[in-house]
Amino acid sequence: MNLRTRKTVITCLLCMFAASLFAQEVPLLGNIYGRQYQSLNGKWNYVIDPLENGYYDYRLMPFEKTGFFENKKATSPDDLVEYNLDTSPIMDIPSDWNSKDERLYVYEGTVWFKKDFHVTRKPGVRHILYFGAINYESKVWVNGKKAGDHVGGYTPFNFDVTDLLTDGHNFVVVKVDNKRSKDGVPTLNMDWWNYGGITRDVMLAEVPETYIEDYLVQLDKNNKGTITGWVKLNAALEGETVTVEIPELKIKTQLVTSSDGKASFQVKAKPVLWSPENPKLYEVTVARGSELLADQIGFRTIETRGPEVILNGKRVFLRGISIHEEAPFREGRAWSVEDARTLLTWAKEMGCNYVRLAHYPHNELMVREAEKMGLMVWSEIPVYWTISWENEETYRNAERQLHDMIYRDRNRCAVVIWSIANETPHGDARDNFLRNLSLYARSMDNTRLISMAMEVTAAQNYVNRLEDNMNEYVDIVSFNQYVGWYRATVEECKLMKWEIPYNKPVVISEFGGSALQGLHGDKTERFTEEYQEEPYKENLKMLDQIEQLAGLSPWILMDFKSPRRQLPNIQDFYNRKGVISKWGIKKKAFYVMRDFYQYKEEQFR
């Protein structure tokens, strides 16, 4: 290597090192809502950019300094600047652009967003820019300098932007691209609306130079009389003192970090256990110096015993419903506490003690509200239908989303099931992909149950047999089936038999049919409420004969938008399988499920 080459290499390395000092993606802040932060929700300017002119030049080379992210202003009358983020239209954030701008109803591509905000810089304080979710690929700049990138539409991420900020006025620019891709997670083919935009909360958190990065507080898996956990700092500092306190249980324990900046604890306690009947949560604080994080945490155990699901040592039947993150009473993505309460209240009215949050991690607020309301949660990543099983980058993407889902919600006792997939086709590559995801989930959290939505799509002589190589990697055998809608007739439900050759709990993760709310007719007429009611009645009789049956989550609580559902005057781009309309009107099938769950509640009382 000659001298000039060595100098070039050294210069590049120094540039990379210098860049790393300015901004970087850092591990997720645990309990973002318990921290000191400035909300960046509200009015954001946006620019529609289908050709990505703000990112690429006319030779399709990325701009280094002159893209939209620079937020450039004309300084003289003859200055050529062909965009203006300040005078562009305004959109409320969080939201989705599909429901906010009629031009973007079915748009897939790039939209730029810009937000001005004020910061008072303080010595010893770092600023972490946190996004609850952006669908699907995002690039973030602060004051024209790159903060970082993220791929994945339903999980949070954050950047340390301390050194990009100025004292006073600042701006953040985000390039959002929701184009689907073959190698994405989810892939090209999906049965829900591809809402684009900054769809969840945006916050600028303030933390000390050394701060509490994350913590875990939970009931010991094998001992109901012990609470265990750990606290982790953002730096590998030994000898730092942290405190965990649960006043109601008279617990206050001081911990000292080891060389990795982490401290573990184990204390004797007899907490009231969280359950759907009594969703008890305790005030918990984790502190280091002047930094104090407050949380509400419940304690429970969840396990399986042969074909039974055991909650707090007692057999439980999962009376559930599947839910999409679709906003009630308006178009668009659900994101607020009010949206969550509405959807979950409907589930409670139906008699549910559990909800399947499909087909991706829902808003953190949704999970927290479920916990407060006494609803167990199945949480899922969008490994959906046929994705690129042999693509290593696709696997890394799925594993990252699984990691972030578990990382964010592992203190939420309501979450009892991590789901790694939905309706995936059998094959060696798929089996290897899902096996690795299951093992990874188990390595991150061995206190919850693992499942995935398998499927049964055919019967021989009316015998339905579930055979799936993933059976040994899940705790609960779950599958979707649509007898009376996609296959066979409603009457044939009476002839169907089920064989599940595994001594594990069985949860029917989906079944049902479609109806346009208010459309009535004979029970043999598709899309009437009467037709939808019949598969529910007959499926419940049929499924209740499965010996290992431990739960149900029919498809689905509320109608939701889907580009696959195009039938005029009936679907109009809505999947009508909801037992409730978008406007909160209950269909006949809702009452069938409510009555069945009353029966099951009495049976398991």
Side-chain angles (χ1 to χ4, degrees), residues 185 221-222 301-311 315-318 320 354 356 358-359 376-392 394-396 398-399 401-403 405-406 410 415-460 463-481 497-511 543 546-553:
V185 181
K221 179 180 179 181
N222 301 311
T301 61
I302 189 75
E303 58 190 323
T304 63
R305 186 186 301 148
E308 299 175 345
V309 176
I310 307 297
L311 176 69
R315 184 185 176 200
V316 63
F317 187 86
L318 300 179
Y354 131 82
R356 178 189 179 212
H359 286 296
M376 293 177 281
V377 170
W378 159 316
S379 190
E380 187 165 290
I381 58 171
V383 176
Y384 181 86
W385 289 357
T386 305
I387 68 171
S388 299
W389 305 113
E390 298 181 9
N391 185 301
E392 291 184 8
T394 300
Y395 177 79
R396 285 194 294 271
E399 186 180 88
Q401 293 189 48
L402 179 62
H403 169 277
M405 176 178 72
I406 295 174
R410 58 186 162 197
V415 179
V416 296
I417 299 170
W418 302 123
S419 173
I420 57 174
N422 178 77
E423 289 184 358
T424 52
H426 296 194
D428 291 343
R430 169 266 201 182
D431 289 351
N432 185 59
F433 191 107
L434 296 183
R435 178 173 57 249
N436 289 337
L437 284 181
S438 175
L439 294 173
Y440 183 76
R442 193 84 68 190
S443 72
M444 281 196 71
D445 177 15
N446 68 355
T447 68
R448 290 175 172 85
L449 308 178
I450 306 295
S451 193
M452 56 175 283
M454 305 170 187
E455 62 180 343
V456 177
T457 59
Q460 291 186 345
V463 175
N464 300 268
R465 183 176 175 83
L466 176 66
E467 293 182 304
D468 196 305
N469 292 335
M470 283 301 295
N471 75 86
E472 62 180 295
Y473 295 99
V474 297
D475 301 298
I476 291 179
V477 175
S478 303
F479 61 90
N480 304 345
Q481 66 81 30
K497 304 297 180 183
W498 293 85
E499 292 183 0
I500 297 96
Y502 314 118
N503 186 33
K504 294 185 177 184
V506 170
V507 172
I508 312 303
S509 36
E510 291 181 28
F511 70 93
L543 297 172
I546 296 175
E547 185 178 354
Q548 305 104 305
L549 187 68
L552 304 166
S553 49

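Numbering starts at 1 and runs along the sequence shown.
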Do the side chains of [Y] and [X] get nearer than 4.5 Å, heavy atoms only?
| X | Y | value |
| --- | --- | --- |
| Met470 | Thr424 | no |
| Val185 | Val383 | yes |
| Lys504 | Asp475 | no |
| Thr304 | Leu449 | yes |
| Glu499 | Val463 | yes |
| Leu311 | Glu303 | no |
| Phe433 | Glu399 | no |
| Val474 | Met452 | yes |

What distance do [X] atom [atom1] and [Y] atom [atom2] have between them, rounded to the nearest 0.5 Å?
| X | Y | atom1 | atom2 | value |
| --- | --- | --- | --- | --- |
| Ile450 | Leu434 | CD1 | CG | 12.0 Å |
| His426 | Glu455 | NE2 | CD | 7.0 Å |
| Asn469 | Asp431 | CG | CG | 4.5 Å |
| Ile381 | Leu437 | CD1 | CG | 5.0 Å |
| Met405 | Ile420 | CE | CD1 | 9.5 Å |
| Asn464 | Trp498 | CG | CH2 | 4.0 Å |

Contacts satisfying ring-ring contact (aromatic ring centres under 6.0 Å, His included) that involve residues 435-454 (not counting sequence neighbours) are none

Tell me, please, which residues at least two apart from [X] pass salt bridge (charged side-chain N to carboxylate O under 4.0 Å, His left out).
| X | result |
| --- | --- |
| Arg315 | Glu308 |
| Glu547 | none |
| Glu390 | none |

Practice item. Show your reasoning for whether side chain to side chain donor-acceptor pair (under 3.5 Å) applies to Ser509 and Asn480. Key: CA-CA 5 Å; Ser509 36; Asn480 304 345; 2.5 Å; yes

Can you see which heavy atom on [X] is nearest to which on [Y], and at what distance?
| X | Y | result |
| --- | --- | --- |
| Ser438 | Tyr473 | OG-O, 2.6 Å |
| Met376 | Val316 | CE-CG2, 4.1 Å |
| Asn503 | Pro307 | OD1-CD, 3.4 Å |
| Gly551 | Phe317 | N-CE1, 3.5 Å |

- prompt: Backbone N or O of Ser379 within a donor-acceptor pair of the Ser419 side chain at under 3.5 Å?
  reply: no

* Asked: Short question: side chain of Gln548, backbone of Ile500 - any donor-acceptor pair under 3.5 Å?
  -> yes

Residues at least two apart in sequence or cross-chain that pass ring pair (Phe, Tyr, Trp, His ring centres under 6.0 Å) with Trp385, listed by chain then number, are none

Residues 445-454 vs side-chain hydrogen bond (donor to acceptor under 3.5 Å, both in side chains), sequence neighbours excluded, gives Trp418-Asp445, Asp445-Thr447, Asp445-Arg448, Ser451-Ser478

ask   = Any idea how His359 and Tyr384 line up, ring-wise: parallel (<30°), tilted (30 to 60°), or perpendicular (>60°)?
value = tilted

Open item on the list: Less than 4.0 angstrom from a charged side-chain N to a carboxylate O is my criterion; do Glu472 and Arg435 meet it?
Closed with: no

Decide, yes or no, whether a salt bridge links Arg430 with Asp468 under the criterion of side-chain N to carboxylate O below 4.0 Å. yes

Side-chain donor-acceptor pair under 3.5 Å between Arg356 and Asn422, yes or no?
-> yes

**Prompt:** Between Val416 and Val377, does a side-chain contact (heavy atoms from CB on, under 4.5 Å) hold up when you go through it step by step?
**Reply:** CA-CA 6 Å; Val416 296; Val377 170; over 6 Å; no

- prompt: Given the rule in the side-chain contact (heavy atoms from CB on, under 4.5 Å) test, do His403 and Met444 qualify, once you have shown the distances and angles that lead to the verdict?
  reply: CA-CA 8 Å; His403 169 277; Met444 281 196 71; 3.6 Å; yes

From the list Val507, Val309, Leu318, side-chain contact (heavy atoms from CB on, under 4.5 Å) with Ile417 holds only for Leu318

**Asked** When you look at Arg465 and Gln460, which way does the side-chain contact (heavy atoms from CB on, under 4.5 Å) test go after all the steps?
**Response** CA-CA 9 Å; Arg465 183 176 175 83; Gln460 291 186 345; over 6 Å; no

